[in-house]
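In each ligand, atom 1 is the first atom listed, and ligand 1 is the first ligand listed.
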Amino acid sequence: MDRFTIFLILCMVLLHSSNGFDATVSDSFNVVKYGAVGDGKTDDSGAFLKTWTAMCGIAPTYTPTLIIPSKKTFLLKPMKFGGPCNLHHNINIKVSGNIVAPYTISGYEGHDDIWLLFTSIDRLNIYGTGQIDGRGSIWWPNSEQRRPTALCFHKCNSLHLTGLKLLNSPRNHISLLGCNGVTISHLNIIAPKDSPNTDGIVIADSTQVLIHRSHIGTGDDCVAIIGGTSFINITNLRCGPGHGISVGSLGGGGAHDTVKEVHVNDCSFHRTMNGARIKTWPGGSGYAKKISFKKIALTEVGNPIVINQYYPKNEVPYPQDINKGSDVEVSDVTFIGFQGSTTSKNAISLRCSNSVACTNIVLNHINITSAIPGNKTSSICNNAHVISKDCNPPVHCPSQKF
Ligand SMILES: *[C@@H]1O[C@H](CO)[C@@H](O)[C@H](O)[C@H]1NC(C)=O
Ligand SMILES: *[C@@H]1O[C@H](CO)[C@@H](O)[C@H](O)[C@H]1NC(C)=O
Ligand SMILES: *[C@@H]1O[C@H](CO)[C@@H](O)[C@H](O)[C@H]1NC(C)=O
């Protein structure tokens with residue numbers, strides 16, 4: 001062979017391999033290639049499942065991407081993206097187009113717990129500028145019935161979610177259950193402020209969860225951190241409307257629940273019912289400890305700082321709940337740098353139980369003023385061991401225990 005022939009062969013080999021690589025990465029797992037229609041009416045869940053199964057079953061030497069193309073709307077019935085996948089790499093889902101839930105309750109065919117379930121998938125990366133609409137308004141009027149969570153991630157370790165817009169879930173928008181290592185950023189989660197139980201993100205039995213640079217405005221908690229969780233960081237979250245960022249409720253029905261190392265930094269609450277809240281039921285056990293809320297901006301927030309060990313009662317406890325004997329312990333909780341306004345009289349409400357009380361509650365650099373011109377704010381405190389400095393309203397804690 002002359003040098004020119006060798007050069008030609010070399011070029012063809014290179015061209016072929018680079019083409020093959022591009023085709024695999026950009027096209028192979030496009031849901032449209034697997035039969036998805038994307039007209040917003042046809043049920044595309046079968047095509048999505050086929051795409052997922054093909055992608056999850058291969059063992060490539062690169063990171064495969066499931067592509068949901070733009071300018072289309074895919075109707076999905078309740079479905080499961082299941083792992084584990086035969087992969088040593090990350091696995092990507094790029095959402096450029098829109099995804100919508102069934103128009104009718106009967107469209108769920110009895111699967112009324114979860115709309116889209118992701119289970120046992122490690123290193124899953126979901127990103128894009130697409131929109132996922134749970135069409136919850138068909139479910140909300142009958143708030144007593146079971147309603148599905150829009151996106152549930154179960155046992156997904158090293159999960160990344162970024163960029164998406166989530167709308168109108170029938171119930172929670174995102175649930176994390178049994179996940180270790182989650183990063184959530186640049187999400188926009190929106191539902192009407194009176195839609196029932198439409199929490200933004202609910203975290204249970206999970207550890208190492210980072211939520212940052214996102215906006216959540218829904219009808220319930222922006223973020224709810226419930227039992228079995230630790231090392232949760234939330235920064236630069238804009239919350240509102242909604243019920244605030246909540247630890248709990250914990251210990252309901254006598255449960256043993258634990259939460260530790262929750263750090264909320266540089267966040268803002270806009271016209272939310274609560275701001276930073278810890279709520280536990282009488283008669284439970286476990287703990288909520290090492291929790292901090294720092295640099296918090298408030299705009300017309302109902303109850304900016306709340307610890308309530310008599311949940312679900314807000315004010316005085318039920319008589320049968322006093323001295324119940326066991327309670328979830330609340331300790332080492334710090335509120336530092338709260339600035340802004342409240343619509344209620346009691347800007348700070350610390351209602352701790354007789355049986356375990358709250359220990360080492362620190363309040364520093366707090367200035368919460370009334371949204372009503374001329375009104376002053378005040379605080380309520382029972383059975384809490386409080387260390388406070390530079391705090392408006394001041395906290396005086398008469399206590400049986402200290
Ligand atoms: C979480 O927040 C704590 C307290 O601010 C900080 O020490 C820690 O480094 C943060 N972790 C991550 C992963 O950002
Ligand atoms: C504002 O002040 C008025 C007059 O003292 C009082 O009756 C009212 O309850 C206060 N409202 C709030 C939300 O603090
Ligand atoms: C508290 O905030 C109010 C309203 O922003 C402001 O007028 C007041 O000076 C602040 N007080 C302190 C001690 O910073």
_For N265, the ligand 1 atoms whose distance to one of its heavy atoms is below 4.0 Å_ = 5 (O)
*Residue pairs, two or more places apart or on separate chains, that pass ring pair (Phe, Tyr, Trp, His ring centres under 6.0 Å) and touch residues 133-171*: Y108-W139, F118-F153
*Can the SG atoms of C239 and C267 be said to lie under 2.5 Å from each other?*
no
_Check this for me - ligand 3, N367, N or O atoms closer than 3.5 angstrom, yes or no?_
yes
_Donor-acceptor side-chain pairing of N303 and N346 below 3.5 angstrom_ = no
*Who are the side chain to side chain donor-acceptor pair (under 3.5 Å) partners of T73, not counting sequence neighbours?*
none
*With heavy atoms of L210 as the reference, note each atom of ligand 1 found under 4.0 Å away.*
12 (C), 13 (C), 14 (O)
_Can you see whether D327 engages S355 through a side-chain donor-acceptor pair at a distance of less than 3.5 angstrom?_
yes
*For N392, check side chain to side chain donor-acceptor pair (under 3.5 Å) against everything at least two apart and list the hits.*
N367
Show me a pair-per-line table, with atom names and distances to 0.1 Å, of protein N or O atoms that are under 3.5 Å from an N or O of ligand 2.
unit_1: ligand 2; atom_1: 2 (O); unit_2: N375; atom_2: OD1; d: 2.8
unit_1: ligand 2; atom_1: 2 (O); unit_2: N375; atom_2: ND2; d: 2.5
unit_1: ligand 2; atom_1: 11 (N); unit_2: N375; atom_2: ND2; d: 2.9
unit_1: ligand 2; atom_1: 14 (O); unit_2: N375; atom_2: ND2; d: 3.0

_Ignoring hydrogens and geometry beyond distance, is a side-chain donor-acceptor pair present between T162 and S185 at under 3.5 Å?_
yes
*Looking only at distances, please establish whether an N/O atom of ligand 1 is found under 3.5 Å from an N/O atom of N233.*
yes
*Assess the cysteine pair C179 / C156: is their SG-SG separation shorter than 2.5 Å?*
no
